[in-house]
A.B. asks: 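Mind looking over this structure? Questions follow.
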Protein chains: 2
Amino acid sequence: MKRLKPPASPTTAVHGMDDDPVVQGLLVTISQKRLRPGAKLGEDRLAEAFGTTRIHIRQALAHLASRHVVTQIPNRGAFIHTPTWEEAQAIFAARRIIEAAAVEAAIDRLDDRAIEALNAHAAREAADSKNDRWSSLALTADFHVLIAELSGNPVLLEIARGLILRTSLAIATFETPGSHDCSPEAHPDIADLIIARDKVGALAALSHHLGEMEARIRPAGAVADPNDIGAILKDVGIKPMRRRQSHV
Amino acid sequence: MKRLKPPASPTTAVHGMDDDPVVQGLLVTISQKRLRPGAKLGEDRLAEAFGTTRIHIRQALAHLASRHVVTQIPNRGAFIHTPTWEEAQAIFAARRIIEAAAVEAAIDRLDDRAIEALNAHAAREAADSKNDRWSSLALTADFHVLIAELSGNPVLLEIARGLILRTSLAIATFETPGSHDCSPEAHPDIADLIIARDKVGALAALSHHLGEMEARIRPAGAVADPNDIGAILKDVGIKPMRRRQSHV
DNA sequence: AAACGTAAAATTGGCGCCAATTTTACCTGG
DNA sequence: CCAGGTAAAATTGGCGCCAATTTTACGTTT
């Protein structure tokens, strides 16, 4: 038996490249700063690591390149994008705008499920202090994504997701040696102010929080350390390939 | 003679998929509403129309799909994206946020070149009344892009460009029969208020302008008219292909 | 010994071919 | 005359091979 389908209705199903395992794997690896800006993303190596073909890798890399997460250079390959200092400042400025609007919208449409989600994230972040530093980095970023989700605007959420990810690239590029992405106690404060529906307080706390993040980067801190991705991807749960080794 | 180049510095040159002629051609054709939401974008047909290969078309379509301008359905092909009503509302809400911030930033860093650019665009728009309606549609969108450019934030500009383009898709999908994209006299008013450095006035005029645009769409106005792209692309200056014709 | 130039290896880019699915057209049956 | 089913055509998806460029390694020269 065949089920008949609409003749030419493009609203049936979406491709959903964001759900791609290669894209997701690269994204979380970047948000955890295991892949640093400038790292080479070889097609054959990634294909072997993720267990797929080279064409699939190319599509994923092209998708990430259009999101300004990966930079593709003709005949050179794909690299984790290294933001310029001007781009880093622009990302922070854009985050101030987007996230302030998201906080306002989240307070306007605050309900029990939103409060529960904020508390759940606060609990998860409080219990995370003794985890490995990789997952805690992704967790602090998730708080900002959660606020964007609570805004109820899917377009705003998508923009925020991109900016938050690019922020980790900016921080990884220009950070001063000993610095964290987010001060630990800033997120519960913002969450409480949102739950209390204190707009001006929440906006001030958010602005202060983003200011602290921006204060940790310096224009001269650009590192040129594209460490090899083999050992990194192996730790994520992917089997690496060993091709050859340059001897003495 | 060979010129030596940096060893592995990814900041040397960018790929720049946005400069691709296929992407640009499709983008302007969409902003002019010659390609309407739901239109099928066949790979062979586009390759023949633009005079390139099918692989190049695929890359361009994937890029546009990651920007939510094109929807790709597996084994079905690529279509001009048809926003949902919720997405259309979210786009307008996001534009209010982004463009308000852009106007504020533009006023803060206003200089002579910015004033000249605003006046130049106003003059071009005033002299455009008797042009064909295709280019005037793109011109009204350019005004909003110009404001985003004057904000001085390249990230904000990129976000605004995407939202403005997706707005034309939203309007084309849900517009009521006789409606224009922008009321003609709204842009000079906003430009004058920006030049006068009147923030609250410019923000109010912008909000009113976007409100007028949003008021012209209705949730039931979804059209299912994906007219063929052959005649449209032929008019843009591309040679179409004639394959076969179904006789009587 | 350091630097230049050359050659080999590796990687990316692109084209063509073929399988899988969909769309269309046609034919048959009610 | 309309509906359902079947077959042909068209289109997309994917894999493999080969050219072009880059990167690395090595040998030669000053």
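Chain letters run A, B, ... following the sequence lines, proteins first and then strands; every chain starts at 1. Just so we're clear, the structure is a prediction, and the values are computed from it rather than from any experiment.
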A.B. asks: D:dG13 phosphate, OP1 or OP2: any side-chain N/O from B:R58 under 4.0 angstrom?
C.D. replies: yes
A.B. asks: In terms of relative ring orientation, are A:H121 and A:F143 parallel, tilted or perpendicular, with 30° and 60° separating the classes?
C.D. replies: tilted
A.B. asks: What is the distance, to the nearest angstrom, from the CG atom on B:D20 to the P atom on C:dG14?
C.D. replies: 11 Å
A.B. asks: Roughly how far apart are A:T53 OG1 and A:E43 CD, rounded to 0.5 Å?
C.D. replies: 10.5 Å
A.B. asks: Out of D:dC15, D:dT22, D:dT11, which has the shortest distance to the side chain of A:R76?
C.D. replies: D:dT22
A.B. asks: For the pair B:I217 and B:T173, evaluate side-chain contact (heavy atoms from CB on, under 4.5 Å) and give the outcome as yes or no after the intermediate values.
C.D. replies: CA-CA 8 Å; B:I217 64 174; B:T173 305; over 6 Å; no
A.B. asks: How many Å lie between CD1 on A:I55 and P on D:dT12, as a whole number?
C.D. replies: 16 Å
A.B. asks: Over how many whole Å does the gap from B:F79 atom CZ to D:dT11 atom C1' extend?
C.D. replies: 11 Å
A.B. asks: When the nearest nucleotide of DNA chain D is assigned to A:H56 and to A:N75 on a heavy-atom basis, which residue is associated with the more 5' position?
C.D. replies: A:H56
A.B. asks: What's the CD-C1' distance between B:E43 and D:dG14, to the nearest Å?
C.D. replies: 12 Å
A.B. asks: Testing the 3.5 Å rule here: is there a donor-acceptor pair between the side chains of B:R95 and B:T167?
C.D. replies: yes
A.B. asks: Should A:R161 and A:E99 count as an ion pair when the cut-off is N to O under 4.0 Å?
C.D. replies: no
A.B. asks: Report yes if at least one side-chain N or O of B:T53 is closer than 4.0 Å to OP1 or OP2 of C:dC15; otherwise report no.
C.D. replies: yes
A.B. asks: Please give, in whole Å, the distance from C:dT21 C1' to B:Q72 CD?
C.D. replies: 16 Å
A.B. asks: Just how far, in rounded Å, is P of D:dG16 from CG of A:D44?
C.D. replies: 12 Å
A.B. asks: Of all the nucleotides listed (C:dT22, C:dT11, D:dG14), which has the minimum atom distance to the side chain of A:K40?
C.D. replies: C:dT11
A.B. asks: Looking at the base of C:dG13, is there any donor atom on it, or on the side chain of A:R54, that sits under 3.5 Å from an acceptor on the other one?
C.D. replies: yes
A.B. asks: Rounded to the Å, how far apart are B:I73 CD1 and C:dT23 C1'?
C.D. replies: 14 Å
A.B. asks: Would you mind reading off the distance between B:Q59 atom CD and C:dG14 atom P, rounded to a whole angstrom?
C.D. replies: 6 Å
